[in-house]
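A short worksheet on the structure shown next.
Note that this is a predicted model, so its numbers are computed, not measured.
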Amino acid sequence: MLTMFVSGLLLALLLPAGHVEAVPAARQALRCTISSFTNVVVLPGVTVTIEKVTSISEGGSYQESSNLGFPQKIDKLPALCAVTVRVTNTSDTPSRPQSSYRFGLFLPIASKYNSRIFTVGSAAFAGGINWPSMSEGTHYGFAAISTDNGHNSAGSDMSWATPASLWDWGYRALHGSVVAGRVLIEHYYGKPIVRSYYAGCSTGGRQGLREIQYDANTFDGALIGAPAWDTVHLMPWISKMAVYQLQSSSGRLGTNQMSILAAEVVKQCDPQDGIVDNVVSQPSTCNFDISTITCNDPSRCLTAAQAQTAMRIYADYKHPSSGRLISNGFTLASEDQWYVYYGDDATLTDFDFAFPRYFLYNLSSTNFAWQNYTDSVALDSERINPGAATANKFDVSPKVQETKTPGKIIMYHGLADGVLSPKTSQLYYNSTIQAMGSSLTETQKWFRYFEIPGMQHCMFSNRQNAPWDIAAPGQPSWLRMLPSLGVGLPAVGDGWSVPGHLNDSDYDILAALIKWVEEDKPVERVIGTAFNSDFSVYRTRPICVWPKKAVYSGSGNVNNASTWRCQ
Ligand SMILES: *[C@@H]1O[C@H](CO)[C@@H](O)[C@H](O)[C@H]1NC(C)=O
Ligand SMILES: *[C@@H]1O[C@H](CO)[C@@H](O)[C@H](O)[C@H]1NC(C)=O
Ligand SMILES: *[C@@H]1O[C@H](CO)[C@@H](O)[C@H](O)[C@H]1NC(C)=O
Ligand SMILES: *[C@@H]1O[C@H](CO)[C@@H](O)[C@H](O)[C@H]1NC(C)=O
Ligand SMILES: *[C@@H]1O[C@H](CO)[C@@H](O)[C@H](O)[C@H]1NC(C)=O
Ligand SMILES: *[C@@H]1O[C@H](CO)[C@@H](O)[C@H](O)[C@H]1NC(C)=O
């Protein structure tokens with residue numbers, strides 16, 4: 001690799017002056033300036049503008065404060081070159097509007113570059129380059145890529161929807177960013193990229209799966225967290241649960257009732273999984289009795305009407321006339337996070353109906369109130385499938401190379417997730433096995449699923465303080481960005497991997513994925529870490545490949561992973 005780069009450089013220097021026009025690109029490579037990246041991407045229908053190039057020294061920070069999706073400042077960066085690129089693309093089918101998006105690159109200095117690229121996904125409906133997640137990859141030596149998804153907005157905002165921006169958010173911006181990003185990166189370093197990785201959680205998980213379904217050769221390895229893959233069903237499900245909360249004031253669960261419910265679920269379901277450790281390890285087998293906390297005193301109970309609302313939120317949402325599944329309900333132990341969609345009036349009446357309002361029917365902000373929701377919205381959603389964002393083409397056998405298996409995928413989901421039900425990830429995994437006419441054993445050769453007891457949406461564990469940190473996408477950067485939450489927490493960790501276990505494939509699931517892809521060592525388990533309030537280690541435990549579960553050996557420190565096995 002190095003020889004190739006050096007000879008490119010020599011060629012540039014030795015060529016007679018008359019040829020210089022053809023080579024300035026090669027000569028300027030590795031200089032962190034706008035001209036190094038200008039006129040490098042030459043693709044039909046594609047216009048690339050380099051907006052900004054910044055050199056960052058070792059230990060430096062980066063912040064794009066105009067970025068509504070990811071405005072946070074990130075620090076502790078390795079020495080790198082930050083590049084912002086604008087792309088317009090007119091080569092989609094004529095019936096679709098022109099694509100327009102931005103993407104960012106973080107390019108480590110040549111001596112630290114591992115010749116691999118790392119694409120990261122976004123969150124919720126955010127627009128903006130995800131610099132925080134990109135930064136995690138740079139410490140491993142990756143050149144990192146993230147798209148802004150074709151718009152600039154906070155994660156809860158859907159009012160940006162236009163036909164063009166929906167297609168870009170759906171899949172075009174991510175695909176195009178990797179295509180154009182690859183060209184810039186190979187040019188910059190003057191050598192070929194040897195591997196391509198992906199990491200994303202929630203919407204980021206959806207984007208990764210959507211890209212794999214679009215082109216199964218884009219990534220050699222992908223880390224897919226709690227994927228919001230079933231967009232057309234998830235969003236009507238969110239609306240429907242909000243209707244349950246809003247339709248009668250006596251049945252509405254306040255955050256206090258969610259908390260009472262969460263405490264009772266831990267009380268009943270923790271022992272039922274076989275060991276009393278405050279962690280609900282097997283919510284699906286818990287026989288929960290809500291009557292123990294049903295009474296008429298709202299300070300310690302749920303009323304009968306509130307208990308009914310709770311049971312509806314746990315139940316699968318099925319279309320009333322056909323009985324067909326629309327979306328899986330939440331699992332037991334997710335209640336602490338129900339506030340995200342169902343906590344306050346503003347969310348219940350605005351965000352929870354924004355998808356039909358803006359993405360399906362193109363109404364104004366004052367149109368489409370909760371009273372307008374009917375089950376037919378779910379059918380309209382299936383038919384319209386805004387931006388073709390839904391990642392439900394489960395058969396990902398690469399069309400071009402029949403004999404090549406798809407890239408490796410690790411998918412994970414927290415069992416205390418109160419934003420997206422872990423059942424939806426099981427459904428995705430089961431549907432893949434079925435669509436590919438495969439078995440669990442065959443599927444595990446390239447696609448493995450992990451459930452993380454007690455983990456909430458993508459990261460953190462609230463009441464249960466269960467091991468959750470596995471260096472999954474967003475986790476290391478959120479540990480560094482804790483001060484931005486404004487609750488007096490310090491910045492924790494090194495901005496990548498797991499504190500105390502940097503780049504250790506026993507603890508770090510990205511390192512484990514790389515090992516699987518490059519050394520053919522399949523991931524059986526990864527050790528999760530939970531912290532005390534001062535961020536010293538509280539407990540560790542293996543997170544096992546599904547359907548295996550972590551089982552305590554019966555003796556020794558229950559908070560030490562070494563006393564647990566996967567079986
Ligand atoms: C991480 O570990 C892998 C495998 O041992 C090694 O090849 C790589 O150089 C390490 N990277 C860093 C940044 O330490
Ligand atoms: C909604 O309508 C407006 C005004 O006609 C149009 O500019 C916009 O592109 C439409 N958005 C969608 C998502 O169709
Ligand atoms: C441009 O659009 C075409 C068609 O959708 C797509 O195949 C190509 O990858 C896109 N390229 C970029 C850089 O966006
Ligand atoms: C919503 O419901 C109201 C009251 O029934 C009705 O007047 C209005 O037209 C509905 N809006 C939509 C967008 O269906
Ligand atoms: C997935 O398949 C497993 C094994 O057959 C089954 O136990 C589980 O209920 C299925 N999950 C969903 C959500 O369909
Ligand atoms: C966990 O147990 C192992 C093996 O007994 C030991 O080496 C290690 O120090 C323990 N870790 C903690 C955090 O107690």
Side-chain angles (χ1 to χ4, degrees), residues 1 78 80 103-108 112-122 129-147 174-175 177-186 188-189 191-225 227 396 398 404-412 446-450 458 470-477 495-498 502-505 507-523 526:
M1 301 303 166
L80 53 78
F103 68 87
L105 301 175
F106 266 161
L107 307 172
K112 296 285 172 71
Y113 174 52
N114 66 12
S115 300
R116 287 150 176 81
I117 59 171
F118 181 68
T119 307
V120 301
S122 190
I129 294 163
N130 190 351
W131 302 105
S133 270
M134 287 164 69
S135 71
E136 295 166 4
T138 60
H139 296 271
Y140 299 83
F142 289 117
I145 306 174
S146 161
T147 178
L174 188 120
H175 180 74
S177 297
V178 181
V179 170
R182 288 190 75 105
V183 177
L184 292 173
I185 291 167
E186 292 202 328
Y188 181 69
Y189 293 106
K191 58 182 183 177
I193 291 162
V194 303
R195 302 272 187 202
S196 166
Y197 290 93
Y198 180 83
C201 192
S202 197
T203 281
R206 173 191 71 77
Q207 291 175 291
L209 293 173
R210 185 67 184 80
E211 175 60 23
I212 291 164
Q213 295 173 7
Y214 183 82
D215 183 348
N217 296 313
T218 302
F219 307 123
D220 300 299
L223 202 46
I224 304 291
V396 295
K404 194 187 155 203
T405 52
K408 305 280 192 283
I409 303 175
I410 289 180
M411 182 168 73
Y412 61 91
W446 61 276
F447 183 10
R448 291 178 169 231
Y449 173 50
F450 295 77
C458 301
I470 53 171
Q475 294 182 348
S477 55
W496 68 298
S497 202
V498 175
L502 296 182
N503 197 30
D504 178 345
S505 59
Y507 290 80
D508 172 329
I509 199 161
L510 177 56
L513 173 67
I514 297 167
K515 202 166 164 180
W516 188 17
V517 170
E518 305 197 6
E519 297 170 33
D520 205 22
K521 299 213 170 81
V523 189
V526 65

Rounded at 0.5 Å granularity, tell me how far [atom1] in [X] sits from [atom2] in [Y].
X	Y	atom1	atom2	answer
Leu223	Phe118	CG	CZ	7.5 Å
Leu209	Ile224	CG	CD1	4.5 Å
Trp131	Thr138	CH2	OG1	11.5 Å
Leu184	Ser177	CG	OG	10.5 Å
Ile145	Leu105	CD1	CG	6.0 Å

Ignoring hydrogens and angles, tell me if any N or O in the side chain of Glu211 forms a donor-acceptor pair with the backbone of Thr218 under 3.5 Å.
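Pair absent, no side-chain N/O of Glu211 close to backbone of Thr218.
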
When the ring planes of Trp496 and His139 are compared, do they come out parallel, tilted or perpendicular, using 30° and 60° as the limits?
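Parallel, since the angle between the ring planes stays under 30°.
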
Taking only residues two or more places apart in sequence, or in another chain, which ones meet [X] in a ring pair (Phe, Tyr, Trp, His ring centres under 6.0 Å)?
X	value
Phe450	none
Tyr412	none
Tyr197	Phe142

Criterion side chain to side chain contact (heavy atoms under 4.5 Å, CB included) on Leu510 and Tyr140, from CA distance to verdict:
CA-CA 10 Å; Leu510 177 56; Tyr140 299 83; 3.6 Å; yes

Which atoms form the tightest heavy-atom contact between [X] and [Y], and what is the distance?
X	Y	value
Arg206	Pro227	N-CB, 3.8 Å
Asn114	Val194	O-CG2, 4.4 Å
Ser505	Ala512	O-CB, 3.6 Å
Ile470	Gln475	N-OE1, 2.9 Å

Show, in sequence, the C-alpha distance, side-chain angles and deciding distance for Val526 and Asp508, and conclude whether the side chain to side chain contact (heavy atoms under 4.5 Å, CB included) test is met.
CA-CA 7 Å; Val526 65; Asp508 172 329; 6.0 Å; no

CA sep, side-chain torsions, deciding dist, call: Ser146, Phe106, side chain to side chain contact (heavy atoms under 4.5 Å, CB included):
CA-CA 9 Å; Ser146 161; Phe106 266 161; over 6 Å; no

Pair Ser196-Asp220, side-chain donor/acceptor within less than 3.5 Å:
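Short answer, no.
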
With Lys521 as the cation and Trp516 as the aromatic partner, state whether NZ or CZ is under 6.0 Å from the six-membered ring centre and within 45° of the axis.
no

Start with the C-alpha gap between Arg116 and Glu518, add the side-chain angles, then the distance that decides, and say whether salt bridge (Lys or Arg N to Asp or Glu O under 4.0 Å) holds.
CA-CA 12 Å; Arg116 287 150 176 81; Glu518 305 197 6; 2.8 Å; yes

Ile129 vs Thr147, test: side chain to side chain contact (heavy atoms under 4.5 Å, CB included). Steps then yes/no.
CA-CA 5 Å; Ile129 294 163; Thr147 178; over 6 Å; no

